[in-house]
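For ligands, and for the atoms within them, numbers begin at 1 and follow the listed sequence.
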Amino acid sequence: MTRVPPPSSTSPVAAEVTQLRRELDQHLHSYHVLDAPEISDAEFDGLMDRLLLLETEHPELLTPNSPSQRVGAAPLDAFDSVKHELAMLSLNKCSTLEEFDDWLERVGDRLGYADFKNLEFTCEPKIDGVAVSLLYENGVLVRGATRGDGETGEDISANVRTIGAIPLLLRGERIPAKIEVRGEIYMPSLGFAVFNEAAREKGEKTLVNPRNGAAGSLRQLDSRLTAVRPLSMFCYSAGVTGDWQPEAHWDVLEAFKSWGLRTNPATSLVTGRAGCAAYIEALLERRATLGYEIDGAVIKVNRLDLQRRLGNVTRRPRWAVAYKYPAEEATTIVHDVEYQVGRTGAVTPVARLEPVFVGGVTVSNATLHNMDEIARLDLRRADTVVVRRAGDVIPQVAQVVLAKRVEGARPIEAPTTCPCCNSVLEHDEEEVVVRCPNFGCPDQQKERIRHFSSRLAFDVEGLGDKLVELLLAEQLIANPADLFDVTAEQISTLPRMGEKSATNVVRALEKSKTTTLPRFLYSLGIREVGEATARALAQHFLLLPMIRNASVEQLEEVDDVGPIVARRIVDYFNDEQSSALVDALLARGINWPEIDDQATASDSAPLAGQTWVLTGTLEAMKRNEAKARLQALGAKVAGSVSKKTTQVVAGPGAGSKLKKAEELGIAVMDEAAMIEFFATQNNA
Ligand code: IVH
């Protein structure tokens with residue numbers, strides 16, 4: 001028997017492999033970094049197929065940096081954590097030119113400059129994506145990590161390797177032995193739209209917005225899933241630079257570019273305040289045409305020696321500021337107002353709009369919240385309206401353009417019966433909301449099941465809206481408990497469901513049976529019981545029967561729970577149908593590990609032993625919610641600042657407490673930083 005000798009590095013096969021990799025890397029660079037593809041997709045695929053074939057035949061030639069490795073690797077059980085050698089900072093924000101001037105003045109004071117005519121700044125778009133750190137050693141990508149809380153992130157190397165815009169090997173000259181590249185991974189608007197269109201067609205879950213899309217993609221333990229998401233990256237700063245000592249931020253960006261890293265072409269080097277102001281205005285003009293979402297401009301003092309002199313306060317550099325743009329707006333026409341029934345029966349008016357492009361996404365629906373909102377806006381059918389979209393939030397109708405109202409525009413009448421099941425709607429005196437009282441209302445059922453399987457609840461992979469609708473339509477399920485009785489066989493008979501995906505859904509459902517008490521409570525969809533309240537309830541009572549039997553008074557002892565929430569919880573468990581649902585779920589074998597008693601649970605909590613103080617106005621999150629989340633993470637939330645305070649969260653209008661914190665040198669963050677921090681704790 002003759003054995004085929006392994007190809008040496010000089011063998012023709014090895015040479016071909018090397019050549020193919022070089023070519024593929026070049027094409028990836030031209031396509032993703034330079035935006036100038038040189039060959040067709042089919043030609044690219046041809047080269048890749050040839051490389052894959054050679055690597056399969058000669059596995060000894062395989063390297064982790066081969067472009068073939070970008071398809072993703074075997075799934076991980078969990079992400080390792082990564083301690084950042086240098087903390088990944090946040091930015092101070094401003095939203096008017098006056099506030100920007102205040103920032104400039106502080107920069108000037110510190111540097112002892114009277115005027116800024118000749119001071120250079122780098123101005124960049126503030127990308128709405130996910131901050132990451134890429135570590136290259138000797139030009140080889142060795143690790144990708146998320147920002148996390150700025151100190152510690154997660155190792156997402158496998159996911160990062162699948163992103164075409166990120167070089168696995170640096171090219172060019174004078175590459176430092178060790179260089180940490182930081183930047184933003186984001187989902188381009190077009191990729192987002194195409195991905196959602198395909199998901200909609202397949203009846204799978206759509207992405208809420210490009211930022212969530214990027215964050216969710218990077219959170220995949222199976223990098224093969226990340227590989228099919230349209231992601232890209234802009235590199236905007238250096239962390240660890242080893243023996244490389246650049247003089248200016250602009251030089252960092254130029255070097256990045258020369259090494260094949262993707263930098264943002266919309267970045268400018270400007271001089272003085274006038275240069276910054278012009279950039280801020282010009283970028284805002286271009287915002288809708290950039291092809292990706294931004295939420296502002298970042299202005300950075302260009303010289304790195306000046307940056308070092310300015311330093312940081314509370315994890316934010318003094319040498320940079322984010323100029324936040326207002327939420328994006330567009331005008332369009334309201335064709336109609338329809339009513340949606342939520343999982344708690346609340347009937348919400350939704351404006352059906354002439355589709356309009358607002359900041360990277362096409363909007364065709366906007367929430368109107370309730371009938372009072374319609375009255376407040378004085379909205380009529382066929383009105384021209386201003387639609388606003390900010391970050392994560394659902395598009396809103398900001399105002400009616402009265403000047404464009406057509407004659408005879410009909411006012412919108414409040415519904416009296418449920419748009420789904422025709423039950424007579426109830427109007428609670430204390431609430432602005434009207435409700436469908438029928439627990440069995442099909443829309444309510446659908447929404448309850450949707451909530452039940454959502455990410456923060458049972459997190460059932462593959463159980464999208466379409467599938468829930470089909471299961472309901474075929475009467476295979478009527479409530480969340482029924483999900484666990486559905487067989488793969490039944491699912492596979494549904495339109496567009498193969499055997500394999502049917503088995504996967506059943507498997508995911510089975511897996512989801514082991515959960516946690518907070519998730520279980522949240523999944524029930526009890527009115528007013530969000531994630532934070534569910535956690536607080538579980539921590540307080542430890543056992544489900546204790547919560548089911550608790551009185552209003554006992555429930556009110558929980559930090560986050562007031563009389564209304566307590567009443568809702570009691571009502572829920574007293575209600576025959578909802579109580580039967582809880583029993584039915586338990587009978588299906590839903591289980592969770594017992595919660596250790598308070599002491600051990602809170603010792604290991606991320607904020608154990610810390611005392612936080614909230615002061616000033618919170619704008620995005622309810623105070624109670626913030627408090628409950630902090631407590632759920634183990635922190636004590638106090639009302640006044642003292643030496644014992646660990647962290648102050650200060651919103652607009654913060655006064656004496658903030659002053660005291662500054663005097664005592666206690667760390668201060670704003671609400672946005674706190675929310676960013678919560679986001680990093682979400683997977684826990
Ligand atoms: S510089 C000190 N530049 O904004 C340097 N950040 O609030 C901090 N971001 O976590 C980062 N675009 O996710 C910088 N061109 C840009 C940016 C940018 C988006 C994000 C980044 C960071 C957050 C800071």
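- Applying the 4.0 Å criterion to heavy atoms of Glu124 picks out, from ligand 1, the atoms 3 (N), 15 (N), 16 (C).
- Between Phe234 and Tyr292, the gap from one ring centroid to the other is short of 6.0 Å.
- Of the listed residues (Leu91, Asn264, Ile185, Thr122), the one carrying the non-hydrogen atom nearest atom 5 (C) of ligand 1 is Leu91.
- Heavy atoms of Pro125 come nearer than 4.0 angstrom to ligand 1 in at least one pair.
- Polar contact check, Glu184 against ligand 1: a nitrogen or oxygen pair lies under 3.5 Å apart.
- The pair Glu328-Arg287 meets the salt-bridge criterion, since a charged nitrogen lies less than 4.0 angstrom from a carboxylate oxygen.
- Of the listed residues (Phe234, Tyr236, Tyr186), the one carrying the non-hydrogen atom nearest atom 18 (C) of ligand 1 is Tyr236.
- Here Arg182 has no heavy atoms under 4.0 Å from ligand 1, in either its backbone or its side chain.
- With a 6.0 Å radius and a threshold of 12 heavy atoms from other residues, nucleotides or ligands, Lys636 has its NZ atom at or below the threshold.
- In terms of protein heavy-atom proximity, atom 12 (N) of ligand 1 is closest to Ile127 N, 3.0 Å.
- Checked by atom type and distance alone, the side chain of Thr615 never pairs as donor or acceptor with a backbone atom of Leu658 at under 3.5 Å.
- Salt-bridge formation is not detected for the pair Lys126/Glu184: no Lys NZ or Arg NE/NH1/NH2 atom is positioned less than 4.0 Å from an Asp or Glu carboxylate oxygen.
- Within ligand 1, counting atoms from 1 as listed, the ones closer than 4.0 Å to a heavy atom of Arg147 are 10 (O).
- In this structure, Lys300 has a heavy atom closer than 4.0 Å to ligand 1.
- Only the side chain of Trp319 comes within 4.0 Å of ligand 1, counting heavy atoms alone; its backbone N, CA, C and O stay farther away.
- For the atom pair CZ (Arg455) and CZ (Arg519), the distance works out to 8.0 Å, reported to the nearest 0.5 Å.
- Between Lys93 and ligand 1, no N or O atom pair is found at a separation short of 3.5 Å.
- A salt bridge between Asp101 and Arg273 is present, with a side-chain N of the basic residue lying under 4.0 Å from a carboxylate O of the acidic one.
- Listed by atom number, the atoms of ligand 1 under 4.0 Å from Leu89 heavy atoms are 2 (C), 8 (C).
- Heavy atoms from other residues, nucleotides or ligands lying under 6.0 Å from CD of Glu461 number 12 at most.
- With respect to Glu120 and Arg303, no salt bridge is recorded, no charged nitrogen being found less than 4.0 Å from a carboxylate O.
- Residues Val613 and Val649 fail the side-chain proximity criterion, which asks for heavy atoms closer than 4.5 Å.
- Atoms of ligand 1 lying under 4.0 Å from any heavy atom of Pro317, numbered from 1 in the order shown and given with element: 2 (C).
- With hydrogens left out, the protein atom closest to atom 23 (C) of ligand 1 is Lys126 NZ, 4.1 Å, a heavy atom.
- Less than 4.0 angstrom separates some heavy atom of Val298 from each of these atoms of ligand 1: 3 (N), 15 (N), 16 (C), 17 (C).
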